[in-house]
Asks: 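The structure follows.
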Amino acid sequence: MTHWIVLPVVLPAVMAAFMIMVIRHHLDLQRIFSIIATAALVIIAGGLLNHAATGDVLVYELGDWPAPFGIVLVLDRLSAMMVMLTSVLALAVLVYAVGTGWDSRGRHFHALFQFQLMGILGAFLTGDAFNLFVFFEVLLIASYGLMIHGGGSTRLRAGIQYVVYNLLGSTLFLFALGTLYAVTGTLNMADMAERVAALPLEDTALIRVGAALLLVVFAVKAAVLPFHFWLPASYANAPGPVAALFAIMTKVGAYSILRMFTLVFGPDQAASAGLQSWLLPAALVTLAIGMVGILGSRQLSRLTAFAVIASMGTLLVAISLFTPESSAAALYYIAHSTFATALMFLIADMVIARRGDEIAVHRPMPQGGWIAALFFVGAIALVGMPPLSGFLGKLLVLDAVRGAPSTVAIWTVILATSLIGIVGFARSGSILFWKCHDPGIVTPPADEDELPDPIELARAERAMRAPSPMAFSAAFALLGLIVVLTVLSGPMMAYATATVDQLYAPTDYIDAVLRRTAP
Amino acid sequence: MSLFLIAALPFLGAMLPAILIRAGRNASASATGSVTLLALIGLLVHVPDVLAGRPVSARIDWLPSLGLNANFYLDGLGLLFASLILGIGLLIIIYARFYLSRQDPMGQFYAYLLLFQGAMVGIVLSDNILLLLVFWELTSLSSFLLIGYWRHLPEGRQGARMALAVTAGGGLAMIGGMLILGNIAGSYDLSVILTQKAAIQDSPLYLTALILILLGCFTKSAQFPFHFWLPHAMAAPTPVSAYLHSATMVKAGLFLMARMWPVLAGTDAWFYIVASTGLVTMVLGAVIALFKDDLKALLAFSTVSHLGLITMLLGIGTPLAAVVAVFHIINHATFKAALFMTAGIIDHSVHTRDIRSLGGLRRLMPVTFVLATLAALSMAGVPPLNGFLSKEMMLEEVAHTHWITSPWLLMAVVTFGALFSAAYSFRYIAHVFLGPVRRDYPIKPHDPNFGMWVSPAILVVLVVAIGLFPMAIAGDLVAVAAGAVTGQALPPYELKLWHGVSPALFMSIIALGGGVILLALYAPVNRLWLAARRPEAKAIYDAGIAAIERFSRWLTDLLHDGALSRYGAIFTVSILALAVWAWTTGVVGPQTRPALEPGPIAYVGWVALVASALSVAVFHHNRLLMLVLIGVSGLMVAMTFNYLSAPDLALTQISVEVVTIILMLLALNFMPQESPRESSFGRRARDITISVGSGLGMGGLIYAIMTRGFAQPSISEYHLANAKTGGGGTNVVNVILVDFRGFDTFGEIIVLGIAAIVIYAITESILGSSVRARLLNRVPNRPLAGDAHPMIMVVITRVMMPLALIVAAYIFFRGHNDPGGGFIAGLIAAIAIIMQYMASGFGWAAERQRLPYHAIIGSGVLIAALTGVGAWFNQMPFLTSAFGYVHLSGLEPFELATAALFDLGVFLAVVGAVLLALESLSRYAWQPNTVSEYPMDINPAREVGETRGKEA
């Protein structure tokens, strides 16, 4: 068990390096190794979750250098949960990518996928602020590779926006870390927490700037307005399974906010007091823009991208209050939003492969019934209609913000935007899955310019002839996870509440890292 | 049967019809029927208990931290509704089996129907208002599916979306109301809430909660002004209209008002909101219904009207009114469902529902005629049918109710509504069945088969039976249900035909007589009606939705127009604002570090740096020049590092600079020499302002940092102290890189490796697309140098190669103790190889370089990782280094450290990454006949004729 905690980083890294070095010309071998490695990650995550559930904070000192001088990995309930979410999601998405043949449409899909996992998992596990930056870099560059997987000029163009915007974020991360280090002289998060608490109140300007910049960095990742601009085009143009995997990437931002702004710049820290206050209005606007985008999108992939923004908005509303209740709701919502948005991206991919991206009338698609059912359920989850986890998550958030000064505003925005989302999804669902059966509507012959290139067409034809059982089972697996999340919401919330207890009593974490008794 | 099972059965059974449809429509229908019947039997088992006043309950914790639990509760009200839902459901299932045609996917229909049934049963059995919300919205969703069942019909699709938007919207409002209510009561359990009347009505939030909850009820029960969705929901198949949109779902709102009656009713707010809304809805629905020519539209508005009636009764707020409401719920469900089914039969048999094309069906469809007439008469309130009983009681209640202060107003308005109600009921009989037989029916009308009329027949039997023997058949149910609604002992009342001469009797007579007269005058009145200008609800709704849609589209496209420069501007400005705000809200501490006195060299460097940066901004249209200027900046940065005693950084910076510039030069090959001028003056002014502002901000921040020492002792002191003793090296920077923070380095070499394979992957995909043809046919915008591979350069690079590699090795090995290390060494080695490529041509060099770059990257990462893993065998954490000194005779003792192995991994990853990137870029330039196997050649493209001659 001692080294388990580092496995989520080392295993994908080694696996990816192995794939590049030895089996880069053998797609089927890559598939086998990739799936096995990801399945192993699920098992490892299970072990870690099992350990973390006891409430013990596990600390792993890399290179055997004592904290705060070396880098530590820290496993608490929050990180264990995030690792679990990532691994499970990754497995489903990977199966889908293999099932639809997406992985064969460019080079190095599996290596990049594993590197991506390494970056995400590392970000969740690290207890060191600079190391977090490193993992942000890993996941950014790998995600860029995955995003433009398969090529095509629109995708490459969207990829540029994605990578440039996020590099701006990375640069800012460096500025923020530089500032924080310049004041506190440390990079270890637990150590930084203690030092920030001990800062004299006559000298807070610098640390506040550092913390404010850091919050923006995470807000960029979490796609909070006005730092969300990178998301719509890049998610909409990313390959379907990749976009589905990216469902967890925005959560990295949410996680980091939750982590840093409870541990280091917690609500009780005098030095950084009030810095998070812009987050709530921003989150509300994010939610509104996301839902409006759902109604205002002309393409299914773009609609789904806005659904991501909307769900991040709801999530950030819950996070931004920094109360134990709201954070517990946020944790539940993280899990829900991850699976629901991923599911919707897979569904969108299935639809796009069969009939193109435009939300317009088209001839009926093969397997339309199954896909329509998936879409219906996925949309229910995303807009937060009962009975799925989206509704429970929304109720939890609504319930948790009760008593906050801005309750009325939050409730109004959440409920009103839900309606916009419902109208938007009903509209597109009706056009996509119903209107095509109307004999009265003649589908216009496609414009020559808008025809997808022949390779895409051939692929679509293939997809239509032979539905991939693997692809469908991956989508249904995600749906199953949403159902599990709904039915087992009681135990889930119990875990979330315990997690939040840990978050808001950071002394355990700090002691575990800094005052580690030799094992 | 457990309440869980009753609620769950329809959900569990919903898959059955969808699967069994493969075994035939009868199998599908009977499976559905069996599920419903089973649930109904399970429900009826509890009847004795409930009638005896012992409610049944079942509880399971679902989400206790929220207070959302699967608590079910069966009392009189629940029993009434649940039996309506399941009983009528059963009849509908039979009816639908014969109603749907062979083209309709019946399995889907029954599956949706069961989903709806489960949701509906869930609503009426819930003992937890959050659970109730779950089922509430589920009915909206299943109703959406059922209305849109004929997906090929535009009315179906639009009706479905409209119904969903309205009812789900109301449901959302209700979420808010329920949360407030639960908050006031301290529990989300109905059984608790219902005991908290005083607390709830005294709460300052009572009105908010009331309005929000009523919004849910009114939208669901189609109360004015939300009534418009119901007529459009009639696009659904008739069994759906009969079931959802008359008998059950639309009564969910009534159910909830009845359920909440004990705690919400009894206030002025309740009375004026609920009773007035009900009144308006009742009259409006009745008036519109009279003028509808579509049978189902007529029934739809009549349903709206009756729902209004019941709402008004609940709004009146007296226990007796509640009794009447409950009674009328039963009666309306029976006659209206029967009427819808007869409308369906007519549609089915005559192929039209337009009253104007009907008439005279009495002789052609005698069975239907009898059923429809009895039901319609009940709807009109004609004795001795059940509709008469409840209407009579309603009028009696109204006669005792003052609206504001007027005792007459309510009576008059209600009588007016009842008059129209009688008129449209008579019209349903007179204009459809009476009159002469026509010759122009679309097909020859005939009575349907037994399967289709048995369901309405059973309901009509009930209509008559309840009318004749109200106490015997419905008395107990009404009593127990009304008792549950009011939560108190009921005042004495009797369900009977003759109440003696009372105001109600006169009102009833006026209504019926007036109805007959109105119908007699139908033609002129109808002309008047058609001539009047009426707001069309659907048009208003559609316009509203279209406007919202347009706005959404406009806003979304406006915000996300894809202009990266604007995104960047917003990003920068926001950050600057946030940073300034953070700074100004903090307390600025004193400067604790004295400034260094800069020497003249520093000034020169500073000026060069500033000048080059400014020049880049000025000359950025010339790409080559820009690159050179960036090189100057990079060099100055490196010099600065050196000046400030950071030789490692300086070395790294220089080598990175060289490699980047080379790679960018290669890329420049494929770009125009100059970048276009795209920005307007205003745009440039904006951008200059933003960049100057953010530059000053950044500079200010760095200045603030540099003029202050650490507020607390830095961890680097530990690194200084332990580099030699713990890490085995005297170059602290290198020890940090490969040991203290080797994990970071591990991540960073992976970043580098990923970057390289991403470049490779992009190249592959671009060269696999149509771009390849463009590249092959590319005409360079400047003449190529004739001498592709100049001899002097080739010779020098050949000589340099071993030297450079030795330097790399030297840098590598000294790294642990002196400036250097794997990263820098890797870059130098890469430069050594790149020089060969540049001098001797790609083809020539690639042929002599046999290790695949991918493998080099992979091996680098693997070596680094395995070095780290090696520590595990030493029972140490990942990346724990070990070092020792080896004494060999004749040599100085030298050090062996695992850190060096790790550094080797770094070295390899860097070399591989740089070369892979270079190789990928150079592949774009590949053109046939340009690769020569000779190291020093003349570009064959220049003298085509000559080369060809040689070949010949």
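In the text below, chain A, chain B and the rest are named by the order of the sequence lines, each starting its count at 1.
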Asks: So which part of His228(A) gets closer than 4.5 Å to some heavy atom of chain B, the side chain, the backbone, both or neither?
Replies: side chain
Asks: With chain A, which of Asp61(B), Leu68(B), Leu141(B) has the greatest number of heavy-atom pairs at distances under 4.5 Å?
Replies: Leu141(B)
Asks: Heavy-atom cut-off 4.5 Å, strictly under: side chain, backbone, both or neither for Val209(A) against chain B?
Replies: both
Asks: Select one option (side chain, backbone, both, neither) describing which atoms of Ile294(A) are under 4.5 Å from chain B's heavy atoms.
Replies: neither
Asks: Report which part of Pro232(A) has an atom under 4.5 Å of a heavy atom belonging to chain B: side chain, backbone, both, or neither.
Replies: side chain
Asks: Would you mind checking which part of Val183(A) comes under 4.5 Å of any heavy atom in chain B, side chain (CB onward), backbone (N, CA, C, O), both or neither?
Replies: both
Asks: Return yes if some donor-acceptor pair links the side-chain N/O of Ser765(B) with the main-chain N/O of Gly150(A) below 3.5 Å, else return no.
Replies: no
Asks: Under 4.5 Å heavy-atom distance to chain B, tell me which part of Phe376(A) shows up: side chain, backbone, both or neither.
Replies: side chain
Asks: Less than 6.0 angstrom separating the ring centers of Trp136(B) and Phe391(A), yes or no?
Replies: no
Asks: Is Leu73(A) in contact with chain B via its backbone, its side chain, both, or neither, using a 4.5 Å heavy-atom distance?
Replies: side chain
Asks: Using heavy-atom distances under 4.5 Å, tell me whether Ala13(A) contacts chain B through its side chain, its backbone, both, or neither.
Replies: both
Asks: Which atoms of Leu215(A) are under 4.5 Å from chain B, going by heavy atoms: the side chain, the backbone, both sets, or neither?
Replies: neither
Asks: Less than 4.5 Å to any heavy atom of chain B: does that hold for the side chain of Ala328(A), its backbone, both, or neither?
Replies: neither
Asks: Less than 4.5 Å to any heavy atom of chain B: does that hold for the side chain of Val487(A), its backbone, both, or neither?
Replies: backbone
Asks: Between Phe743(B) and Phe135(A), is the ring centroid distance below 6.0 Å?
Replies: yes
Asks: Given that the side chain runs from C-beta out, which part of Gln161(A) has a heavy atom under 4.5 Å from chain B: side chain, backbone, both or neither?
Replies: both
Asks: Assign the ring pair Phe69(A) / Tyr718(B) to parallel, tilted or perpendicular, where the plane angle (0 to 90°) is split at 30° and 60°.
Replies: parallel
Asks: Anything under 30° is parallel, anything over 60° is perpendicular, the rest tilted; go ahead and classify Tyr567(B) against Phe229(A).
Replies: parallel
